Amino acid sequence: MEKLVSLDTGLIFWTWTTFLIVLVILATKAWGPMIEALERRQHNIAEALAAADKARAETGEMSAKYEQQLRAGRVEAQEILTEARVTAQKLRAGIEATAHTKADEIVASAQERIEAEKVKAIAEIRATVVDLSLEIAGKVLERNITSADNQKLAEASLRQIGKA
Amino acid sequence: MAIQDHSEPIGTVILHHVTNSDVLWPLSLFGFDISITKHVIMLWIAGAVVLTAFLLGSRRYRRERDPLPTGFSNMLEMVVEFVHKSIVTPNVGAAHAARWSPLMLTFFTLIFTANILGMIPIFDLIPGGGGGTATGNVNVTAALAIITFLAIIVAGTLEHGFIGHWRNLVPPGIPWPVLFILIPIEILGMFVRPFALTMRLAANMTAGHIAMLAILAPIFLLGSPWVGLGSVPLNVGIFFLEIIVALVQAYVFTLLSAVFIGAAIHPEH
């Protein structure tokens, strides 16, 4: 039983030797680089998360800004459209009014001219009728003919006038 | 385990299994006996396994700046992270963790590997005595606990200076008559802590093996294979329990070492 707890300096020596060899080799070759990589990865992940949060906040801010701009743009467009409609209406009314006036003027002047032409034509006809009457009367007097001849002559003369 | 001679008392057989072998290869250094025994060989195997595993698994960490863990290195990374983040950092503090993690990792991996190797019966084939659990030997655990003992002093001295470390043994603002009781208690505590580490690990690793052998013993004592119907399933259960014990004891030794070192660095807690 005393073997269970007997002192064994050789075993103590070899435990220290083994421990030190493992410690020195692995501390420099494995654990140092691995712990460093772990720490750096943790740092990188924290940084990446922070950057992602920042980017998300920025995106939200930007989209809000864009939306606001869009809304403002829409309102402005509506305003422009309304204004354009009003202007167009005004313009149309103006054009219509001018056109009416012009048309009235044209009609009025046309009527005036027609009236004037009519008066002139009547005057001309009147003058022509007088001349013809005089001519017919002269011919009638020269030839002394019957009333039937008179009638025929008058008709022929009128026909000639109509041809001319 | 050599049970060729069935006339041997069962107690002797069990002791033969859990204690160190006779000298396999006598050696001495400056008059000290450093002979090779089976526990020395088991210790070497454990050291070789840990060295090989971590040197192979950490190749990419030496070559690349930011290696992504894959497969085997992922598993090793889990061990490193567990010791570094869950054992060392909370007890020693983040500022000192990088300095003390390698020591704690050596404790954890070496003790765990030695514990587990003791449960693999193939090492019985080693000529001259065979396997065994090196960490079940008080000399091994005492040597490890002495490392913790020295590490506590080194940690305190590095942080508070040589005199500062010893002054920290006693909390400040204590009335002087109390010191007559407190100083001996603290000095005693200084030695009790590594002693407790030594006994806890060795006893735990030995007890499991003794229990398993004692449960198997009735098969031979009664000379009936039918006893095995009870003994074997019971031993399978204990074997699984031993796997947990192997892990837990490596964890406890590492954790307590970290706690003691942390206490030397931050005596105010």
Side-chain angles (χ1 to χ4, degrees), chain A residues 1-70, chain B residues 11 15-16 18-20 23 27-29 32-37 39-40 43-44 46-48 50-51 53-55 57-58 60-62 64-69 73 76-77 80-81 83-85 97-98 101-103 105-107 109-110 134 137-144 146-147 202 206:
Chain A
M1 199 52 126
E2 69 281 351
K3 224 182 162 192
L4 262 180
V5 285
S6 60
L7 180 70
D8 185 346
T9 50
L11 196 50
I12 292 176
F13 168 81
W14 286 117
T15 305
W16 283 340
T17 315
T18 312
F19 189 90
L20 275 182
I21 290 170
V22 173
L23 174 63
V24 169
I25 294 178
L26 288 189
T28 53
K29 296 282 178 193
W31 291 326
M34 283 177 94
I35 289 171
E36 202 180 307
L38 282 173
E39 296 280 349
R40 199 165 43 230
R41 192 182 306 149
Q42 191 182 3
H43 182 73
N44 287 348
I45 289 170
E47 239 175 30
L49 283 178
D53 270 342
K54 203 175 146 206
R56 201 178 300 135
E58 265 173 18
T59 313
E61 218 170 87
M62 222 180 264
S63 86
K65 215 163 101 188
Y66 278 139
E67 211 158 292
Q68 202 186 336
Q69 274 179 355
L70 204 67
Chain B
L15 266 186
H16 174 86
V18 295
T19 56
N20 206 346
V23 171
L27 272 179
S28 81
L29 186 76
F32 283 104
D33 172 41
I34 56 160
S35 305
I36 309 304
T37 54
H39 282 165
V40 173
L43 210 55
W44 285 349
V50 172
L51 270 179
F54 276 91
L55 282 180
S58 65
R60 286 190 307 119
Y61 294 83
R62 290 191 290 276
E64 295 167 34
R65 194 177 141 73
D66 283 312
L68 293 176
S73 68
L76 296 185
E77 200 177 85
V80 172
E81 188 162 29
V83 174
H84 180 63
K85 286 266 155 41
S101 281
L103 185 76
L105 275 161
T106 313
F107 273 137
T109 52
L110 205 60
N137 190 314
V138 277
N139 290 287
V140 174
T141 57
L144 295 172
I146 289 168
I147 295 173
T206 308

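Labels below follow one simple rule: chain letters A, B, ... track the order of the sequence lines, proteins then strands, and each chain is numbered from 1. Values below: all heavy atoms of this structure, side chains included; hydrogens, waters and symmetry mates excluded. All of these numbers come straight from a predicted model, not from anything done at the bench.
Ranking A/T9, A/L26, A/T18 against chain B, the residue ahead of the rest is A/L26, based on heavy-atom pairs under 4.5 Å. Of all the listed residues (B/V40, B/L105, B/I147, B/V138), the one sharing the greatest number of non-hydrogen pairs under 4.5 Å with chain A is B/L105. Of the listed residues (A/G10, A/A27, A/G32), the greatest number of heavy-atom pairs within a distance under 4.5 Å of chain B belongs to A/G10. Chain A forms more heavy-atom pairs under 4.5 Å with one residue of B/T37, B/L103, B/T206 than with any other, namely B/L103. With respect to chain A, the highest number of heavy-atom pairs below 4.5 Å among B/P69, B/A97, B/A48, B/S101 belongs to B/P69.
In this structure, A/L49 places its CG atom where more than 12 heavy-atom neighbours from other residues, nucleotides or ligands lie under 6.0 Å away. Annotation for A/K29: atom NZ does not count as buried by contact number, only 12 or fewer foreign heavy atoms lying within 6.0 Å. Heavy-atom neighbours of A/E61 CD from other residues, nucleotides or ligands within 6.0 Å: at or below the threshold of 12. Within 6.0 Å of CD in A/Q68 there are 12 or fewer heavy atoms belonging to other residues, nucleotides or ligands.
Annotation: side chain of B/V140 is not in contact with side chain of A/W14 (no heavy-atom distance under 4.5 Å). Taking the side chain as every heavy atom from C-beta outward, A/T15 and B/N139 never approach each other to under 4.5 Å. Side-chain contact between B/W44 and A/T17: absent, with no pair of heavy atoms (C-beta onward) separated by less than 4.5 Å. A 4.5 Å side-chain heavy-atom check between B/H84 and A/L38 finds every atom pair outside the cut-off. The shortest distance between side-chain heavy atoms of B/P102 and A/L23 falls below 4.5 Å. Within the 4.5 Å cutoff, side-chain heavy atoms of B/R65 are placed close to those of A/R40. With contacts defined as side-chain heavy-atom distances shorter than 4.5 Å, the pair B/T106/A/W31 qualifies. The shortest distance between side-chain heavy atoms of A/I25 and B/F54 does not fall below 4.5 Å.
The two residues B/A143 and A/W16 make their nearest non-hydrogen contact at O-NE1, 2.8 Å. Between A/M34 and B/S73, the shortest heavy-atom contact is CE-O, 4.3 Å. The two residues B/R62 and A/A30 have their closest heavy-atom pair at NH1-N, 4.3 Å.
Neither the backbone nor the side chain of B/T141 comes within less than 4.5 Å of any heavy atom in chain A. Residue B/L76 touches chain A through both its backbone and its side chain, counting heavy-atom pairs closer than 4.5 Å. Proximity to chain A (any heavy atom under 4.5 Å) is restricted, for B/L110, to the side chain, taken from C-beta onward. When heavy atoms are compared at a cutoff of 4.5 Å, A/F19 approaches chain B by way of both its backbone and its side chain. For a residue to count as touching a neighbouring chain, one of its non-hydrogen atoms must lie under 4.5 Å from one of that chain's; by this rule A/Q42 touches chain B with the side chain only.
Of the charged side-chain nitrogens involved, none lies within less than 4.0 Å of a carboxylate oxygen, so that A/R41 and B/E81 do not count as a salt-bridged pair.
Atom CG of B/L43 sits about 6.5 Å away from atom CG of A/L11, to the nearest 0.5 Å.
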